[in-house]
Each structure stands twice: as structure tokens, then as C-alpha cells.
Amino acid sequence: MEARLHGALTRSLDALLSVALAPGCASCRRVLEYPTGGPVCPACWSSIVQVVPPLCGRCGDPLPSWRILTGMERHCIRCRRVPPAFDCARAAGDYDGSLREIIHAFKYDGRRSLARPLARMMQDAGGALLDDADVVVPVPLHPWRRLRRGFNQADALAAWLDVPVVRGLWRGKATLPQAGLRPAQRRRNVRSAFRLSPLVRPTSLLDTCVVLVDDVRTTGATLDACARVLKDAGVREVRALTVARATPPR
Ligand SMILES: [Zn+2]
Ligand SMILES: [Zn+2]
């Protein structure tokens, strides 16, 4: 009875809101039919392109076929050429189309309520990474950028992953935005940017399994730099989980 009443009230509220305020979907801008269901319409959620196997055993990028699945060949060409400092990585979807719009709305338009459904996508894609992990560590923003944005998107995502969060890293040096830089420039740009947070006991991460969390992975240079710091601090295994993966510039 109570559930029916709640359902009826929600439907009335949806009808009222969609007529009175006509809020648009944060991704496709079409008027939301069910505004109480969140700022993104169901069609946009379901059009997200998921990352599907076969995947590189290291960085989680799709491999061209199941045919090559022995030894080192389970790794993509980039990982074979320059193995990253993290042990494995996963992303929920491609940084394209609606997922790109949703992440933009989350990061730049202050739609922080999107953290929860995005984190759920990360749990679905990266359950195996999270299951036996000791802690999740969000990739930090430079303090100035965090101040401007009002929050750290990686922090907001990490909070919904049901694994203890440790803000174990510190971003010391303001770096250029990674977008638009070539892979080698990206690595140089971030190499010295991260260090262990002064608020974390240096021995607290010894022999732990850590999942690094961020919104988007492009070349993996940021995650690689973070993983190096964690490994130097004695972390046994570093895994990387992001909402999306973008195709790196050539
Ligand atoms: Zn939409
Ligand atoms: Zn790879």
C-alpha cells in the first residue's frame, strides 16, 4: 500500500516537474520524463558503449581478438612496449557519446548526484578488482583545481565503491591539462606531480592491495605516476579503475 502510494506520488511529482520546470537531460538535453529519477534520461544511460572482452590483462583495453591469448600476448602492444606501473586496470565504458556528456555534467556542471550511478557502473565492470582490495585511493586534484571545481570527482566516485577510502596521494605541482598532449609529453607532465600524502602514516600502506580511482583514463600516464608512488611506499598490488577510457591521441 505504502509502496503504491509512494509510486503514485513520484509519478505525480515527475509529471509536475517535467511540465513546470521542464528540466533537460544532462547528456542529450531532451526534457526529462522522470526528473525524480536523476539528471540523465534512461535512453542516455543505456546507450553507453561498454568495454567488452577480450581485454589486455594489464591496461584493460580491448584486444583485437580472442585468438592471441597466450603469455605476453595477452597484453596489448602498448603494455608490451612500456609496461605500466599498475598491475591491472578496468574501465566501465568508452569515453564517447553519452558517457562523455554525463562525465562532463558530473565534473564541470556540478551534477554531483551522478557519482552514485557512475560508481555503480565501475562496480559492475571492476568487481573483480574491488572484491579483495584493502582500500581505494582517489587520484587527487591539484588543490587550486579542486578549489575551483568545488570537489574532486575521483573522491566522489570512490565514496560509493563500498571499500574503505584512503586519500593517500597528494598532487604537489600544478601540471598542464593532459588533454591535447602527446603520450610522451603526458608522462613527463605528471611524473613528478604526485607524492604520498603527508596525512598518511608512511607504513599504513605496506603490503596492501590498492585500487586507484579516477573518472577517465587516456594514456594511463596519471595512473602510472600514482602507481609508482604507491609501489615506492610498499604497496603490494596497484589496480586502476575508471568510469571511462578514452582513445589516446596518436
Ligand atoms: Zn538523455
Ligand atoms: Zn594494455
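In what follows, every heavy atom counts, from backbone to side chain, and hydrogens, waters and symmetry copies are set aside. Numbering starts at 1 and runs along the sequence shown.
Applying the salt bridge (charged side-chain N to carboxylate O under 4.0 Å, His left out) rule to Asp61 yields the partners Arg78, Arg217, Arg245; only residues at least two apart in sequence or on another chain are considered. Checked against salt bridge (charged side-chain N to carboxylate O under 4.0 Å, His left out), Asp224 has the following partners two or more places apart in sequence or in another chain: Arg228. For Ser204, the side chain to side chain contact (heavy atoms under 4.5 Å, CB included) partners at least two apart in sequence or on another chain are Val200, Arg201. Applying the ring-ring contact (aromatic ring centres under 6.0 Å, His included) criterion to Phe106, with sequence neighbours excluded, gives Phe151. Residues forming a side chain to side chain donor-acceptor pair (under 3.5 Å) with Ser47 (at least two apart in sequence, or on another chain): Ser98. Evaluation of the side chain to side chain donor-acceptor pair (under 3.5 Å) rule for Gln50 yields no partner, not counting sequence neighbours. With sequence neighbours excluded, no residue forms a salt bridge (charged side-chain N to carboxylate O under 4.0 Å, His left out) with Arg149. Asp131 pairs by the side chain to side chain donor-acceptor pair (under 3.5 Å) definition with nothing, not counting sequence neighbours. Remark: Asp132 engages Arg239 in a side chain to side chain donor-acceptor pair (under 3.5 Å) (not counting sequence neighbours).
Considering all non-hydrogen atoms of both residues, Leu161 and Ala119 come closest at CD2-O, 3.6 Å. Closest approach of Ala244 to Asp94, counting heavy atoms only: CB-C, 4.3 Å. Between Leu206 and Ala233, the shortest heavy-atom distance links the atoms CD2-O, 3.9 Å. Here the shortest heavy-atom pairing between Asn152 and Pro140 reads ND2-CA, 3.7 Å. A pairwise comparison of heavy atoms in Gly38 and Leu32 identifies O-CD1, 3.6 Å as the closest pair. For Pro143 against Arg171, the heavy-atom pair with the smallest separation is CD-O, 3.6 Å.
For the side chain to side chain donor-acceptor pair (under 3.5 Å) condition, the pairs that include at least one residue of residues 105-116, sequence neighbours left out, are Lys107-Asp215. Applying the side chain to side chain donor-acceptor pair (under 3.5 Å) test to residues at least two apart or on different chains, the pairs with a partner in residues 84-93 are Asp87-Lys231. Pairs of residues two or more places apart, or lying in two chains, never qualify as ring pair (Phe, Tyr, Trp, His ring centres under 6.0 Å) while including a residue from residues 209-232.
Arg29 contributes atom CZ, which lies 9.5 Å from atom SG of Cys44 (distance to the nearest 0.5 angstrom).
Under the 4.5 Å side-chain criterion, counting only non-hydrogen atoms from C-beta, Pro138 is in contact with Arg167. Put simply, the side chain of Val135 does not reach to within 4.5 Å of the side chain of Val165, judged on heavy atoms.
Across Leu99, Ile103, Val243, Thr242, a single residue satisfies side-chain contact (heavy atoms from CB on, under 4.5 Å) together with Val216, and that is Ile103.
Between the side chain of Asp134 and the backbone N or O of Cys209 there is at least one donor-acceptor pair closer than 3.5 Å.
Residues Leu114 and Met121 share a hydrophobic cluster, clusters being chains of Ile/Leu/Val/Met/Phe/Trp/Tyr side chains in contact below 4.5 Å.
The number of heavy atoms from other shown groups lying within 6.0 Å of CH2 (Trp45) is above 12.
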